[in-house]
Amino acid sequence: MADEKLTQATPTVEHPPIGDVVLRIDNVVKRFGDNTVLDHISFDVHQHETVALLGASGSGKSTLMKCVNLLEQVNDGQIWLGDTDITDPRINMDKQRSRIGVVFQQFNLFSHMTVLNNVTLAARKVHKWPREKAEEKAMGLLRRIGMDHKAKEYPDRLSGGQQQRVAICRALMMEPELLLLDEITSALDPLLVGEVLEMVGELKAQGATILMATHEMGFAHDAADRIVLLRRGHIAENGSPYDVMDHPTDPETQEFFAAYNRV
Ligand code: ADP
Ligand code: MG
């Protein structure tokens, strides 16, 4: 009897069960004019999972990441961060953004600010942390990657690889539930790619939840738990690196990966 009452009192659950899903992309549509870039895209990223978002240039990887980071509005569908529908216009954007750490391909750091000020900026300005608290946290993050001695340097005194590692530190400041990495090694000298990917590998090993767009196929293969391949607005593949990259059955998918192996 008591159980029955409890059941009745439970409000209707309006969102799908989330479980350990950190990010749920649910039927997302994104158009620019009459160009439908994302056409009913759905997939989940689970806690501690690394998902590599692959696809030809122009397939919508960055657009999808911008929708997740609330830099672009979806035309239809929902994006759930944990149990929050972040496509609901009533949400607090700053609060939701602070749950996500973002690193882009380039132009991540402000050139007129020291490394330390770059890393602490959002914590101080958006989240109103006292400088001392923000700097202590930032120095801890920089120390972990052996960059604490560069805290007072300006970004142009750092290599591209060091700059991207600092940008990752900045993304980690608010202890985000999800990391979005959009081709973070694409603008780097090939010699500097390794140190950045190594840092991503360490974050993964520490349990981070990561959605990354990349053209580093070897890294995607070895580091990702799952591959999501975008093609003409749709998800062409969503599966393990073994299935999607090593044993693709779809001819277009075979061609996509073969093209990378030829270069
Ligand atoms: P990817 O990151 O996979 O290379 P993008 O998400 O950058 O792809 O782009 C996907 C498509 O959306 C492309 O056709 C691109 O021209 C278009 N696009 C991206 N941003 C805009 C924008 N702000 N306005 C109009 N079209 C855009
Ligand atoms: Mg892109």
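Along the sequence shown, residues are numbered consecutively beginning with 1. Both counts, for ligands and for their atoms, begin at 1 and track the order of listing. Everything numeric in this text was worked out from a predicted model, so none of it was measured.
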| query | Is any side-chain N of the basic residue among Lys204 and Glu49 closer than 4.0 Å to the acidic one's carboxylate O? | reply | no

| field | Protein-derived N, O or S atoms lying under 2.8 Å from the Mg ion (ligand 2), waters excluded | value | 1

| Does the side chain of Asp246 pick up a donor-acceptor pair with the side chain of His221 at under 3.5 Å? | yes

| task | Please check if any side-chain donor atom of Thr50 sits under 3.5 Å from a side-chain acceptor atom of Arg226, or the reverse. | result | no

| note | Lys150 meets the salt bridge (charged side-chain N to carboxylate O under 4.0 Å, His left out) criterion, sequence neighbours left out, with none

| query | Are side-chain heavy atoms of Phe219 and Thr185 found at a separation under 4.5 Å? | reply | no

| said: Closer than 4.0 angstrom, basic N to acidic O: yes or no for Arg231 and Asp250? | reply: yes

| query | Contact residues of ligand 1 with a heavy-atom cut-off of under 4.0 Å? | reply | Phe32, Asn35, Val37, Ala56, Ser57, Gly58, Ser59, Gly60, Lys61, Ser62, Thr63, Glu72

| field | Side-chain donor or acceptor of Gln164 paired with backbone N/O of Val103 under 3.5 Å | value | no

| said: Regarding Arg99 and Thr84, do their side chains bring together a donor and an acceptor under 3.5 Å, going by distance alone? | reply: yes

| Who pairs with Asp88 by side chain to side chain donor-acceptor pair (under 3.5 Å), at least two apart in sequence or on another chain? | Arg90

